[in-house]
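Scroll down for the structure; my scribbles are underneath it.
What's counted below: heavy atoms across the whole structure, side chains too, no hydrogens, waters or symmetry copies. Each chain gets a letter, A, B and so on, in the order the sequences are listed, and its residues count up from 1.
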Amino acid sequence: MDYENLAEKGTMLGSGAVIVIDDTNCMVDMLKVILHFYHHESCGQCTPCREGTGWLHKIVSSIYAGTGRLQDIDLIEQVADHMKGKTICALSDAAAMPAISFIQRKFKK
Amino acid sequence: MVEVEKPTPKIACNTEVQDGMVIYNNSDKVKEAVKWGLDFHLINHPLDCPICDQAE
């Protein structure tokens with residue numbers, strides 16, 4: 001489990017921190033917590049990150065609360081796609097990647 | 001947003017210009033990125049340009 005191996009599989013080691021969860025954890029809740037964190041941490045300089053992290057958090061919160069819509073699945077993917085690579089630092093990429101991975105693995109196998 | 005002769009568009013605000021660089025500022029990818037930039041802006045921003053105080 002090193003940088004090269006994980007990069008080949010399309011993921012990243014990042015800072016090397018690993019959070020281990022079991023299958024009793026709700027994945028939507030996990031994504032909501034991650035997005036809330038990134039939205040809070042965003043410095044606000046770049047619009048896609050400042051607004052996109054908040055937008056993604058709002059969509060996933062509504063899904064978690066049971067008021068999500070079918071279009072939200074595509075919307076999350078589109079918003080996250082347009083956050084990546086459009087900012088000065090990589091925080092918006094770091095927020096967008098779990099969202100995209102979640103949608104692709106959970107809904108679009 | 002501008003598109004340089006590379007796989008993905010680059011942000012203009014943080015990409016240094018270099019000799020021999022070919023830049024496209026009106027391609028389809030650029031237009032889409034600019035449209036989304038505006039979308040992101042307008043989520044939490046009122047659209048009152050004609051009467052905005054900041055427009056002086």
State plainly whether one hydrophobic cluster holds both V17(B) and I11(B), where clusters connect Ile, Leu, Val, Met, Phe, Trp and Tyr through side-chain heavy atoms under 4.5 angstrom apart. no

Which residues in residues 17-33 of chain A have any heavy atom closer than 4.5 Å to a heavy atom of chain B? none

Got a sec: does the CD of E41(A) have more than 12 other heavy atoms crowding it under 6.0 Å? yes

Could you tell me whether the side chain of N44(B) reaches within less than 4.5 Å of the side chain of W55(A), counting heavy atoms only? no

Please report the shortest heavy-atom distance between N14(B) and I88(A), naming the atom on each side. ND2-CG2, 3.3 Å

Verify the neighbour count for atom NZ of K35(B): are there more than 12 heavy atoms of other residues, nucleotides or ligands below 6.0 Å? yes

Got a sec, which hydrophobics cluster with L42(B), joining ILVMFWY side chains under 4.5 Å apart, including via others? L38(B), L47(B)

Single-linkage hydrophobic cluster L56(A)~I100(A), side-chain heavy atoms < 4.5 angstrom: no

If you tally heavy-atom pairs under 4.5 Å between each of R50(A), K86(A), E51(A) and chain B, the highest tally belongs to E51(A)

W36(B) CH2 to Q78(A) CD distance, which is reported to the nearest 0.5 Å: 5.0 Å

Does one hydrophobic cluster hold both Y64(A) and I59(A), with members joined at side-chain heavy-atom distances below 4.5 Å? yes

Would you say Y38(A) and M83(A) are hydrophobically clustered, going by side-chain heavy atoms of ILVMFWY under 4.5 Å? no

If hydrophobic clusters are built by linking Ile, Leu, Val, Met, Phe, Trp and Tyr wherever their side-chain heavy atoms come under 4.5 Å apart, do I63(A) and F102(A) end up in the same one? yes

Regarding E32(B) and H82(A), do their side chains bring together a donor and an acceptor under 3.5 Å, going by distance alone? yes

